[in-house]
Structures are given as structure tokens and as C-alpha cells.
There are 2 protein chains.
Amino acid sequence: MSNMDLVSLLSTSFQILIDKLHQRLSELGFHDIRPVHGYLIKYIAINNGATGIELADHLGITKQAVSKIVDYLEEKHYVLRKPHPTDKRGKIVVLTERGRLVVETKEKILNEIEQHLIDEVGAERLQMMKDDLASVIRKT
Amino acid sequence: MSNMDLVSLLSTSFQILIDKLHQRLSELGFHDIRPVHGYLIKYIAINNGATGIELADHLGITKQAVSKIVDYLEEKHYVLRKPHPTDKRGKIVVLTERGRLVVETKEKILNEIEQHLIDEVGAERLQMMKDDLASVIRKT
DNA sequence: TGTATATGGTCAATCAAGTTGACTATATGT
DNA sequence: ACATATAGTCAACTTGATTGACCATATACA
């Protein structure tokens, strides 16, 4: 298996883990969440709310595309648009209770996944892999 | 950076490397190749030709979608449709000279990328990371 | 052998998720 | 105060996939 090149290994392992994450989310009642929603919701959670343009910059897509995604997530009751406190043109997107719940659930599942790997290869080895991946990101 | 969770680390590092790969391919004259084309062409190379349905199964998309991609790659002279030797309904997709060249070039670039990482973190450490990624794939 | 059913490939229509372009309302700089 | 920039939305279009219908050939089996 490790005769595969690095890029294929990264692609395959990412695909497997993201699929597992969303399968678990679905089992736990969050069947209407897809990866892009996760990234968007997480950014909102970290920043305690975000404007459309902040989200567009973060995700690398247009503000129009963000607007559509936010429409979807608002319909599904994960987020809410509120008037911007200082800029009357703007709005800020914030999490609902269900939004906070899905963030929390996602973290829990990610921990389970890492724990499962620790059981298989050990905590030091996992930490090493994470450090190496961080190196790839920093040094390439 | 390694306070990121494993899935985000995999996603980000994969994105960075695949972008670098295709940027290099573009510089070397293969500007009309996108990741999905690479996977398809590589599968054909390994198997010395493939039917549409084999490719669809391999890529996890419909045969109609494969047909469109093959249309594109045939137009760009990377592949060729030939009648199937034994099944008169079928066709086999094979590589042209340009198709073989892009496979070879891609391998070369992947080696460069890995070599660059070896220079940064060392060969043992890279091999360890690849082994660990293979573990993720096997054990999850 | 003949006939029913399955399979490989293509065409056409549709769908999903993004884009570009145009517009409104409000903010900001001079 | 007025010109220009910015936040957000609406509408039309593009791209890359899907589903459904079809033709030609293969395969199973009465």
C-alpha cells in the first residue's frame, strides 16, 4: 500500500476519513450536512459569527455562493442571519443551538477517529504523522 | 499548525500538493489536464487500456460521465477509443503517445515533490509518514 | 436453435453548485 | 455633499455530474 505516492495516499486517506465523519454525523441525525457546510459552520463558531464576505474569503468562493449556502443552512436551522451591529448594509451569520450542536458533535467524532488510530498505531506515532503533515503544509 | 485535527491536516496538505502538481504540469505544457483526468489516465496506463465501465467503477462515477471525460481527452489527444477485441458492443480506451508522456511527467513531478520533502524532513521521516497514511487507509 | 434478458456505449434532459453581471442600500473619503 | 467603494441579493449562465431512453451485441437457457 505504501508503494502509492504521497499525493494518492493523502487523497485516499482524506476521502476515507471525511466519508466516515459524515456517515457518523448522518447516523447522529445530521444527514443534511456536507463537508463545505462543516467548514463554514466551524469558521462561524471560531469567530462567534461572520459576515458573508469573510466566509467567502475563508472558503475561496464568491459571496453569491456563500449566500446560497447560508440560505440552505438557515432553512435547515443551523444558522441565522442577524443585522450587523454597526454596518447597516451588512448581516452577520451566527449559529443556532442546532448549529452549536453539530460543531460539538463533529469534534467528538474527530476525536473518536483519532482515538481509533491511537489504538492502532499509538499516540506518539499519530502525533508524529500530524507533525509531518504540518511540515508538508509549512514547507511546500 | 499541528493543533489542527487530522482530517483538516490531510485536506490541506492534499490540496497544496495537488495544486502544486497541476501547476507544474501546466508549466510543462499539460495545461488541459485536471486531477480527474490524471486518475483516469493512470488507470488506463496501469491496465494497458480500459473499458468505459471499468473506468466508471474505478472512479465511482457513471459511465455517461466517463464518456464525456473520454470525449474531452480524445479531443485533446491524450487517449483514443479502439474497438474492443472480443466484445463488439464495447470499446477500449488506450493512451496515445501524449497520454504516455503525461503519465511519465506526472510521476517525475511527484518524485520531485517527495524529494523536496526528503530535503526538508529526511527520507526516514517521509517513509514513516507514508507508512502511517497507509495504516489510516488499511485500519479505518 | 431461438428467444428473453443483460450489458456496453451514446444521446438527451435535468440537476447541483458554482460563476459573472446587474442592482440596491449604506459607508467612506475628499 | 458628493463621488466612489462595499455588503448583500437576484437573475442568468456554466460546468460536471446525474437519470432515463435507446441501440447493438452478448449470454442464459427452454
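Because the structure is predicted, anything quoted here is derived from the model rather than measured. First the proteins, then the strands, lettered A, B, ... as listed; each starts at 1.
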Using whole Å, what does the distance between atom C1' of nucleotide C/dG9 and atom CD1 of B/Ile92 come to?
14 Å
To the nearest angstrom, how far is A/Ile53 atom CD1 from C/dT26 atom C1'?
13 Å
Working to the nearest 0.5 Å, report the span between CG of B/Leu126 and CG of A/Asp132.
8.0 Å
When the nearest nucleotide of DNA chain C is assigned to A/Asp87 and to A/Arg34 on a heavy-atom basis, which residue is associated with the more 5' position?
A/Arg34
Aromatic plane relationship, A/Tyr78 with A/Phe30 - under 30° parallel, 30 to 60° tilted, over 60° perpendicular
tilted
Whole Å only: how far is the CG atom of A/Leu40 from the C1' atom of C/dG18?
15 Å
For C/dT28, take OP1 and OP2 only and decide whether either is under 4.0 Å from a side-chain N or O of A/Arg89.
no
Toward the 5' end of DNA chain D, which comes first, B/Gln64 or B/Ile69, by nearest nucleotide?
B/Ile69
Check the distance between C/dG8's C1' and B/Leu55's CG and give it to me in whole angstrom.
13 Å
Note, A/Leu73 side chain near A/Asp32 side chain (heavy atom, < 4.5 Å)
no
Residue-phosphate contact under 4.0 Å: B/Thr62 side-chain N/O, D/dT18 OP1/OP2
yes
Length of the line joining B/Glu54:CD and C/dT7:C1', which is rounded to integer Å
13 Å
According to a strict under-4.0 Å criterion, is B/Ser67 in side-chain N/O contact with OP1 or OP2 of C/dG9?
no
Derivation of the ring pair (Phe, Tyr, Trp, His ring centres under 6.0 Å) call for B/Tyr72 and B/His37:
CA-CA 9 Å; B/Tyr72 175 85; B/His37 303 146; 4.9 Å; yes
If I take atom CG in residue A/Leu59 and atom P in nucleotide C/dA17, what distance separates them, rounded to the nearest angstrom?
14 Å
Of B/Arg81 and A/Lys68, the one whose nearest nucleotide on DNA chain C sits closer to the 5' end is B/Arg81
So what does A/Lys63 hit on the nucleic acid, given a heavy-atom distance under 4.0 Å: a base, only sugar-phosphate, or nothing?
base
Starting from C1' on D/dG8, measure out to CD1 on A/Ile61 and report it in whole angstrom.
14 Å
Take a 6.0 Å sphere around NZ of A/Lys139 and say whether it holds more than 12 heavy atoms from other residues, nucleotides or ligands.
yes
For C/dG9, does the base pair up with any side-chain atom of B/Lys91 as donor and acceptor (N or O, under 3.5 Å, distance only)?
no
B/Asp71 CG - D/dA17 P separation (whole Å)
13 Å
